Amino acid sequence: MKINLLEKLPQSEFAKRRAKLAKNLPNNSLVILSTAPHHIRNNDAEYKYRPDSSFFYLTGFAEPESTLVLQKTANEVSYILFLREKDKLREIWDGRRVGIDGAIRKLGADKAFAIDELDEKIPQLLLGVKHLFARFDTRVSSWLAGAKNLVRGEGVVNEIHNIDSVIHEMRLIKDKPEIERIKTACQISSLAHIQAMKTVRPQQYEYQLEAELNYVFGQYGCVPSYNSIVASGDNANILHYIENDQIMQDGDLVMIDAGAEYQLYAGDISRTFPVNGKFSDVQKQVYNIVLKANIEAINSLKAGVHCKVHHDTALRILTQGLIELGILSGDVDTLIANKAYQPFYMHGTGHWLGLDVHDAGRYFSDETQDGEKQPRLLQAGMVMTVEPGLYFANDNELIPKKYRGIGIRIEDDVLITEHGAVVLTSDVPKTVEEIECLMADSIGNIDQQLAK
Ligand code: GLY
Ligand code: MN
Ligand code: MN
């Protein structure tokens with residue numbers, strides 16, 4: 001598989017997003033948006049830094065301790081960045097900094113100030129502002145109080161808006177460079193799943209399979225876009241199982257839910273396959289129900305339909321399948337209305353995907369029907385996951401014994417277009433035949449190599 005590696009996005013693309021945001025704001029607005037804090041792992045060791053997704057979306061700037069301010073008056077829009085100053089000693093210890101001059105030269109800021117000046121400068125910038133777009137917290141309150149002090153409460157901000165709800169709606173419709181990056185994240189994620197299918201062996205630890213994923217991610221400068229789930233046997237019935245510390249048994253399935261983060265964009269794939277390379281008849285029976293739900297759910301998506309249509313589609317197929325397996329009985333519509341499927345399928349069928357694995361954007365429109373919020377309509381450029389599953393836990397006595405300990409999820413990532421959903425993760429084998437064929441080939445290869 002050829003991976004489409006991409007240059008870092010030029011500043012002009014981030015400038016376009018800032019211009020688009022500014023265009024939609026009323027005059028006399030001020031946007032304040034800070035990046036994510038550092039997180040301590042233990043004592044003085046930090047987690048590797050990752051910027052706030054919305055901040056990065058508008059700035060392309062990945063250093064910690066930074067705040068973006070966009071100022072829109074009747075005549076102009078100014079981009080102001082607060083960031084760390086250059087500091088020779090700190091840069092020797094912690095790494096390079098863009099610095100104040102660099103913010104103007106390299107990041108396209110109109111003005112830049114040291115992050116330490118934020119508390120002093122923001123109250124001044126708030127003077128004359130009618131609409132403040134921010135994440136409202138105690139710091140913003142103190143800036144507002146500071147601004148009111150400066151002018152004895154006259155003419156300071158009469159409307160406060162949540163900046164996230166504005167940026168999240170922008171992020172929901174992906175622009176071209178974002179779609180390219182998500183596609184690459186999906187390609188790398190696919191390669192990692194293929195590597196796991198090729199290398200899995202009975203009696204390995206789940207974490208050894210996780211290491212295969214991480215190896216592929218690392219080859220492309222990626223990290224996991226969330227904690228990888230490598231769940232063999234009954235562990236797959238724990239939806240967010242991340243211990244990954246059990247031995248994988250011959251005869252069990254293993255469910256992997258893992259994705260690469262490429263240039264901060266997430267892939268999110270689940271595949272379930274036999275540890276020994278061959279599905280049993282019972283496993284195949286359950287697998288093919290989930291597979292059908294996955295395929296039909298994907299086929300139900302396109303611009304103009306509502307965003308829960310794939311869930312409705314999947315629920316119908318899964319419920320019908322539960323009847324065929326003898327786990328439920330009765331009429332499909334009544335079983336769906338009564339949520340009879342819930343002990344075996346307890347999550348939604350997908351979510352938006354982008355800079356965050358559970359990406360930004362509302363799922364409901366403003367319209368209500370019979371007092372209930374309605375799902376919004378899909379638009380071209382949205383990216384989402386489709387991830388039906390069936391979970392038959394060992395301790396679920398509602399289930400015939402032969403099915404217990406099987407947990408299956410099949411998850412793909414799709415781009416919504418006018419004509420349908422384009423599957424971005426189609427390189428990973430998905431049918432029983434495709435999976436068994438790939439695994440048979442690789443088992444043969446590895447056995448030959450071991451025999452030498
Ligand atoms: N990996 C988390 C999810 O599939 O939603
Ligand atoms: Mn997932
Ligand atoms: Mn997902």
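Both counts, for ligands and for their atoms, begin at 1 and track the order of listing. We use all heavy atoms of the structure for the numbers below, so side chains are in, but hydrogens, waters and symmetry mates are not. Quick caveat, the model's predicted, so the values are computed rather than measured.
Coordination check, His351 versus the Mn ion (ligand 3): passed, since an N/O/S atom of the residue sits under 2.8 Å.
Here is the list of ligand 1 atoms found below 4.0 Å of a heavy atom in Tyr226: 1 (N). Ligand-side atoms of ligand 1 in range of His358: 2 (C), 3 (C), 5 (O), range being under 4.0 angstrom from any heavy atom. Which parts of ligand 1 touch Glu411 is read off a 4.0 Å heavy-atom cut-off, strictly below it: atoms 4 (O).
Using a 4.0 Å cut-off between heavy atoms, His240 makes no contact with ligand 1 at all.
For the 3.5 Å distance criterion, the side chains of Lys430 and Asn294 qualify, holding a donor opposite an acceptor. Looking at Glu178 and Tyr265, their side chains do bring a donor and an acceptor atom within 3.5 Å of each other. Thr35 and Tyr49 share a side-chain donor-acceptor pair at under 3.5 Å. Gln203 and Gln249 form a side-chain donor-acceptor contact under 3.5 Å, judged by distance and modelled atom types alone. Of the N and O atoms on the side chains of Asp412 and Thr425, at least one donor lies less than 3.5 Å from an acceptor on the other residue.
Glu261 has a carboxylate O that lies under 4.0 Å from a charged side-chain N of Arg50, or vice versa, which qualifies the two as a salt bridge. One finds no salt bridge joining Glu418 and Lys302 here, because no Lys/Arg side-chain nitrogen approaches an Asp/Glu carboxylate oxygen to under 4.0 Å. Residues Arg404 and Asp395 are not paired through a salt bridge, judged by the lack of any N-O separation under 4.0 Å between the basic side chain and the carboxylate.
At the shortest separation from atom 4 (O) of ligand 1 among protein heavy atoms lies Glu387 OE1, 3.0 Å.
Within the 4.0 Å heavy-atom shell around ligand 1 one finds Asp268.
The closest approach of Asp268 to the Mn ion (ligand 2), by N/O/S atoms, is made by OD1. The atom of Glu411 that is an N, O or S and sits closest to the Mn ion (ligand 2) is OE1. Checked against the Mn ion (ligand 2), the N, O or S atom of Asp257 at the shortest distance is OD1. Per residue Glu387, closest N, O or S atom to the Mn ion (ligand 3): atom name OE2.
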